[in-house]
4 protein chains.
Amino acid sequence: MRVRFRDAGLAFGKLEPGERNLLSDVAGVRVGHVTIVSNEPTIVRTGVTIIVPGEEIFEKPLSAACSVLNGFGKSIGLMQIEELGQIETPIVLTNTLSVGYAFQGVVELVKTKKKFRTLNPLVGECNDGFLNDILYPAVKPKHVLGAYEKASEVFELGSVGAGTGMVSFGFKGGIGSASRKLKDGHVLGALVLANFGSFEDLTILGKRACEHIKSGVVKKSEGSIVIVLATDVALDSRQLKRVANHSFLALGMLGSPGHHGSGDVCIAFSTKEGRVRDEKELFDELFRAAVESVYEAVCDALFCAETVEGFCGRVEAMPTDWLLNGGR
Amino acid sequence: MRVRFRDAGLAFGKLEPGERNLLSDVAGVRVGHVTIVSNEPTIVRTGVTIIVPGEEIFEKPLSAACSVLNGFGKSIGLMQIEELGQIETPIVLTNTLSVGYAFQGVVELVKTKKKFRTLNPLVGECNDGFLNDILYPAVKPKHVLGAYEKASEVFELGSVGAGTGMVSFGFKGGIGSASRKLKDGHVLGALVLANFGSFEDLTILGKRACEHIKSGVVKKSEGSIVIVLATDVALDSRQLKRVANHSFLALGMLGSPGHHGSGDVCIAFSTKEGRVRDEKELFDELFRAAVESVYEAVCDALFCAETVEGFCGRVEAMPTDWLLNGGR
Amino acid sequence: MRVRFRDAGLAFGKLEPGERNLLSDVAGVRVGHVTIVSNEPTIVRTGVTIIVPGEEIFEKPLSAACSVLNGFGKSIGLMQIEELGQIETPIVLTNTLSVGYAFQGVVELVKTKKKFRTLNPLVGECNDGFLNDILYPAVKPKHVLGAYEKASEVFELGSVGAGTGMVSFGFKGGIGSASRKLKDGHVLGALVLANFGSFEDLTILGKRACEHIKSGVVKKSEGSIVIVLATDVALDSRQLKRVANHSFLALGMLGSPGHHGSGDVCIAFSTKEGRVRDEKELFDELFRAAVESVYEAVCDALFCAETVEGFCGRVEAMPTDWLLNGGR
Amino acid sequence: MRVRFRDAGLAFGKLEPGERNLLSDVAGVRVGHVTIVSNEPTIVRTGVTIIVPGEEIFEKPLSAACSVLNGFGKSIGLMQIEELGQIETPIVLTNTLSVGYAFQGVVELVKTKKKFRTLNPLVGECNDGFLNDILYPAVKPKHVLGAYEKASEVFELGSVGAGTGMVSFGFKGGIGSASRKLKDGHVLGALVLANFGSFEDLTILGKRACEHIKSGVVKKSEGSIVIVLATDVALDSRQLKRVANHSFLALGMLGSPGHHGSGDVCIAFSTKEGRVRDEKELFDELFRAAVESVYEAVCDALFCAETVEGFCGRVEAMPTDWLLNGGR
């Protein structure tokens with residue numbers, strides 16, 4: 001297993017990470033993966049990742065918001081978040097052409113929990129069609145239930161779950177996560193499904209990858225990122241949207257100017273009821289916590305993902321030696 | 001079979017309807033239904049309706065936009081319409097908890113037409129849970145292909161396809177359609193999936209239903225409406241959005257102040273490339289054509305839908321005698 | 001002085017009006033007008049109307065939201081409402097080309113109240129260019145202070161303040177107001193600056209004006225409406241936006257399909273802190289209260305406005321006899 | 001006079017700048033400043049900057065769009081851009097509490113050009129209250145006409161016009177500009193009014209200012225940025241909005257996570273009619289051109305602005321020696 005960004009002695013930003021430096025530093029949040037890898041009947045490198053905001057989600061909705069930097073994507077459930085400012089199911093991530101089965105999987109999962117007449121499943125996606133034969137319907141509703149059963153406060157990063165076939169900045173991408181502590185003891189965490197970015201743009205801690213790495217890179221600049229933010233600060237939907245809007249600045253910090261074919265989506269939720277005031281100091285800190293967490297989560301996706309050989313070729317794990325003699 | 005609003009001698013508005021007074025008066029547009037009715041293993045009253053903007057949709061996207069009056073709904077595909085201003089698949093309508101299978105059905109359908117790596121299926125929905133046991137997954141991907149095969153310029157209205165189990169203003173609702181000719185010979189058409197409104201609010205041609213109808217009404221005010229607008233005026237996405245935004249005024253004209261639990265969504269597309277100027281006269285006329293078409297389409301859904309007995313009870317077809325001695 | 005809609009024995013909707021049937025039925029809200037009428041050096045028929053949400057507005061912002069049906073308008077201050085979900089000044093209404101001076105008037109007004117470094121004045125407008133020589137800068141910052149000094153719980157309707165030169169549905173329009181009581185004792189009120197609509201569309205209580213009134217109408221269909229909603233229900237910004245979105249359905253109920261050249265804007269605020277739950281019953285009632293209040297406020301603008309002769313001609317007060325032998 | 005970023009031997013990004021590396025590399029675009037500096041009756045350090053998209057703007061609107069990262073701002077005119085997708089006046093920049101007078105100045109300016117009945121003046125702003133006694137109304141409508149008369153393809157950067165009193169990243173900010181050539185010969189330019197950012201975040205070419213500069217910095221993190229983008233690529237409003245949305249990534253590249261009290265607004269326009277296709281390669285390049293131009297425009301504001309002593313203290317010009325032994 002590869003070493004996380006911070007375990008390698010690197011650090012980014014002004015705020016301290018939470019205990020595990022994971023989305024699950026927000027109490028109650030759990031993450032589960034189902035990884036689907038097969039060479040029969042075709043090359044399958046895909047999966048499902050579920051973010052469970054807490055068991056109470058099945059009984060009581062949580063405040064939530066979404067933000068879209070570039071809407072070339074197929075996420076499901078955003079319209080109702082916008083209207084009602086809340087989520088009422090776990091969030092599922094998978095590949096682009098499987099979001100329908102993932103939706104139905106959430107329906108099946110919630111059936112096991114309660115009676116309902118309507119439901120707003122939330123599904124995010126990126127396109128893993130380089131490593132995965134995306135036209136083959138490998139993901140089924142049952143995989144959502146499987147991922148839910150495995151959901152835990154401790155979870156793997158990199159080429160797992162929905163991240164199995166993802167590519168980022170020309171290297172193997174996938175699932176990353178990080179968190180930041182606020183001065184008052186609250187925490188904000190991020191989980192990303194990183195499938196975006198061109199190698200030529202990648203900049204980590206002020207160093208440009210293309211000045212240090214000379215080979216082994218896939219030329220590919222489509223792709224997307226789904227960001228999930230969680231916090232135990234009592235933010236309402238409008239406030240969460242503000243934080244979500246700013247989280248995309250992390251992509252700029254990593255050197256990316258964005259891409260036409262990218263579905264860049266952020267879903268943010270709070271595990272606490274109520275609403276804090278829009279105070280300058282708190283929101284400056286929340287914006288910073290979001291940007292730092294997303295930045296480091298993307299780094300962790302790149303640090304943790306293992307090399308994968310798949311449908312259209314091989315995507316290498318990002319080398320890290322060019323970063324390990326310094327940083328900030 | 002019941003008689004359409006206009007065939008009953010009624011009329012609404014200042015503009016003349018197109019040849020069939022249907023969405024398909026816009027050349028190339030076809031509509032197909034699959035109606036799913038069963039009493040085994042549970043009470044199923046649901047279905048799928050497909051709107052095919054033209055066979056070219058599989059080769060070349062069309063300008064499109066969406067608008068949301070109240071976003072308590074689960075439609076799929078709206079984010080990418082917002083970003084790219086276009087649709088690239090037929091539009092499918094079905095029940096709320098089946099939109100995932102409908103999404104996968106569109107994926108399967110398009111596989112039969114071309115090679116692709118990504119796709120933005122468009123699915124709209126209303127909740128037919130009063131007449132249909134909505135938790136039972138009766139709708140499957142294959143029904144989308146079935147509906148596509150049946151798509152035609154002439155199509156049924158009322159309790160068919162996605163409209164099979166819908167309820168509107170306390171009466172049996174479902175699929176309605178109408179169209180309007182513009183002065184320059186172009187046409188704008190509407191198709192609605194009508195599942196909204198309270199009996200106490202229903203007002204047609206200035207007459208309030210509750211002053212004329214005394215019995216047989218279901219007390220129920222949840223529900224939604226999906227509106228699909230098509231035109232052969234060369235409107236771009238921003239212009240289509242303006243038309244879509246105004247189409248909801250028809251709900252006010254029918255007496256409805258809207259409802260918390262409603263997913264009121266409009267998807268509009270143009271079959272022509274290019275962009276006309278934002279001239280006052282044309283847009284005044286387009287807004288009027290949209291409002292009149294939607295108004296009359298809802299009336300037609302109520303005029304055409306037959307009584308249905310289902311999961312939670314019986315919903316009567318709307319009597320029409322109270323309207324047939326007058327109108328405007 | 002002309003007789004208000006309800007004083008003429010008419011009524012609309014299911015909910016009861018508040019005590020005065022005015023925006024000021026929401027405790028603390030006051031409205032003031034400055035009417036500017038002159039024939040020197042040119043024909044001036046314009047003015048300023050101020051809505052003071054309460055004296056506390058200068059100390060503490062209130063939750064607020066805005067909604068736009070058609071954005072052909074020049075209102076100032078909406079962006080910050082969208083971001084912060086609050087208002088921090090009174091709302092000023094005036095003519096289109098004077099919103100800059102009105103903005104500066106709010107700055108001057110607030111200087112008399114407190115120290116500040118930044119401020120978000122809110123100004124709405126309609127175009128009174130038919131009756132008023134709008135290119136002549138008759139409105140000055142001092143008029144905002146003048147209107148503020150006159151602000152009262154009891155205020156005039158019709159051709160006063162910002163309504164002095166407005167035209168609606170071919171008749172003299174201007175300021176209208178109404179309110180509705182909710183079941184739990186709370187109240188929602190509306191004030192409109194009505195300058196929209198075509199004569200041929202006007203429908204009141206199911207009667208079409210053009211079938212009853214044969215002369216004296218100005219052919220003119222540009223124009224706009226600014227709606228201000230106030231309530232003492234503790235709604236947050238997102239919830240107020242939902243109510244604001246639905247308020248436009250009243251325009252449909254009055255027969256209008258909207259117009260290209262219209263700036264249709266609603267600003268809604270709550271005088272109470274906190275946030276109620278998004279319960280179906282409450283929001284159904286709030287949507288209804290908003291739609292009924294706006295509908296009746298427009299009627300009152302038409303009922304109360306006196307005939308005005310101005311820059312481009314004469315605009316008649318709407319006759320009311322066609323409505324006075326019935327209604328609902 | 002200070003030396004521009006690129007004249008100092010520095011460069012950023014992959015694309016080449018246009019001829020002047022200014023917004024005015026887009027043919028027809030001109031910029032004019034009025035700088036207002038006075039110590040009587042109070043400390044005035046403010047001004048007006050006008051961007052004239054071309055003389056034809058008074059006859060024929062241009063496609064335009066706006067985007068808001070953080071809406072704590074008072075810009076005027078954005079609603080109508082959103083609805084009609086066009087601008088019909090020059091764009092004026094000034095201080096926050098003078099946008100009303102600037103609006104009226106645009107009205108006066110356009111009166112000298114043509115007859116009109118309605119008009120949508122566009123005004124952007126930042127808060128210069130640290131160096132300028134912002135409560136004193138130094139800016140008047142006449143200054144807009146003065147700036148228009150001075151508008152030229154060659155214009156000053158730094159502490160001029162609207163930039164006179166602005167502060168950015170703890171240093172003197174103000175007006176910056178840059179441009180990028182596209183592969184097909186088209187050009188995209190940016191002008192910024194830079195008044196945002198904290199010293200501790202400033203990162204240029206991968207170097208963090210706080211690691212190199214130890215003194216002379218104002219502790220201040222409020223503030224805003226207004227970005228104006230122009231291009232001669234035939235982009236429609238939706239396409240310009242996409243470019244505008246991405247331009248904010250430059251703020252992330254400069255190290256900023258955003259601030260609660262910031263009004264971050266981008267207005268983008270095209271000088272060409274029509275609409276190109278949403279091709280991946282073009283839009284990838286447009287996003288890159290926007291991000292690189294904004295990045296370098298902010299750098300130029302910091303490189304060009306001279307030290308200013310004002311209302312609340314002194315703000316130093318940013319030293320540049322820490323950057324001049326390298327870069328990319």
Side-chain angles (χ1 to χ4, degrees), chain C residues 66 68-85 92 95-108 110-111 115-123 125-130 133-137 139-141 144 222-224 260-265 312, chain D residues 66 68-85 92 95-108 110-111 115-123 125-130 133-137 139-141 144 222-224 260-265 312:
Chain C
C66 52
V68 177
L69 172 63
N70 198 57
F72 199 137
K74 287 77 181 162
S75 293
I76 299 180
L78 305 189
M79 177 176 72
Q80 189 164 317
I81 295 183
E82 200 73 24
E83 183 72 31
L84 298 182
V92 172
N95 78 60
T96 306
L97 297 185
S98 296
V99 294
Y101 286 124
F103 175 100
Q104 303 296 157
V106 176
V107 171
E108 294 307 314
V110 179
K111 276 187 195 174
K115 293 206 177 298
F116 61 95
R117 292 276 302 278
T118 187
L119 192 73
N120 189 47
L122 263 180
V123 187
E125 53 72 41
C126 294
N127 195 313
D128 55 14
F130 185 83
D133 183 359
I134 196 169
L135 288 179
Y136 179 77
V139 174
K140 295 294 186 201
V144 172
E222 301 97 345
S224 303
H260 167 70
S262 204
D264 304 322
V265 174
C312 300
Chain D
C66 51
V68 177
L69 171 64
N70 197 57
F72 199 137
K74 287 77 181 163
S75 293
I76 298 182
L78 305 188
M79 177 176 71
Q80 189 165 318
I81 295 184
E82 199 73 26
E83 183 73 32
L84 298 182
V92 172
N95 78 59
T96 307
L97 297 185
S98 297
V99 294
Y101 286 125
F103 174 101
Q104 301 296 157
V106 176
V107 170
E108 294 306 314
V110 179
K111 276 189 198 175
K115 293 208 177 298
F116 60 95
R117 293 276 302 278
T118 187
L119 192 74
N120 189 47
L122 264 180
V123 188
E125 51 72 41
C126 294
N127 195 313
D128 56 15
F130 186 83
D133 183 359
I134 195 168
L135 288 179
Y136 178 77
V139 175
K140 295 296 186 199
V144 172
E222 300 98 345
S224 303
H260 166 71
S262 205
D264 304 322
V265 175
C312 300

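Chain identifiers are assigned alphabetically (A, B, ...) following the order of the sequence lines, protein sequences preceding nucleic acid strands; residue numbering begins at 1 within each chain. Atom set for the values below is all heavy atoms of this structure, side chains included, hydrogens, waters and symmetry mates excluded.
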* Asked: Considering all heavy atoms of both residues, which atom of C:Gln80 and which atom of D:Phe72 are nearest to each other, and what is their separation?
  -> OE1-CD2, 3.5 Å

* Asked: Pick from C:Val107, C:Ile134, C:Leu119: which one has the most heavy-atom pairs with chain D under 4.5 Å?
  -> C:Leu119

* Structure fact -> chain C shares the most heavy-atom pairs under 4.5 Å, among D:His260, D:Arg117, D:Glu83, D:Lys115, with D:Glu83

* Heavy atoms only: give me the nearest C:Gln104-D:Tyr101 pair and the separation to one decimal. => OE1-N, 2.9 Å

* Asked: From D:Glu108 CD over to C:Leu135 CG, what is the distance, rounded to the nearest 0.5 angstrom?
  -> 9.0 Å

* Structure fact -> Heavy atoms of D:Val99 and C:Phe103 approach each other most closely as CG2-CZ, 3.2 Å

* **Stepwise side chain to side chain contact (heavy atoms under 4.5 Å, CB included) test for D:Ile76 and C:Lys74** => CA-CA 7 Å; D:Ile76 298 182; C:Lys74 287 77 181 162; 6.0 Å; no

* Asked: So what's closer than 4.5 Å to chain C heavy atoms on D:Asn120: side chain, backbone, both or neither?
  -> both

* Could you tell me which non-hydrogen atom of C:Val68 sits nearest to which non-hydrogen atom of D:Met79, and how far apart they are? => CG2-SD, 3.6 Å

* For D:Glu125, what residues pass the side-chain hydrogen bond (donor to acceptor under 3.5 Å, both in side chains) criterion, not counting sequence neighbours? -> D:Thr96

* **Interchain contact, D:Leu97 with chain C, by part (heavy-atom threshold 4.5 Å)** => both

* **For the student: nearest non-hydrogen atoms of C:Pro137 and D:Lys111, plus distance** => CD-NZ, 4.2 Å

* Using non-hydrogen atoms and a 4.5 Å limit, figure out which bit of C:Asn95 sits close to chain D: side chain, backbone, both or neither. => neither

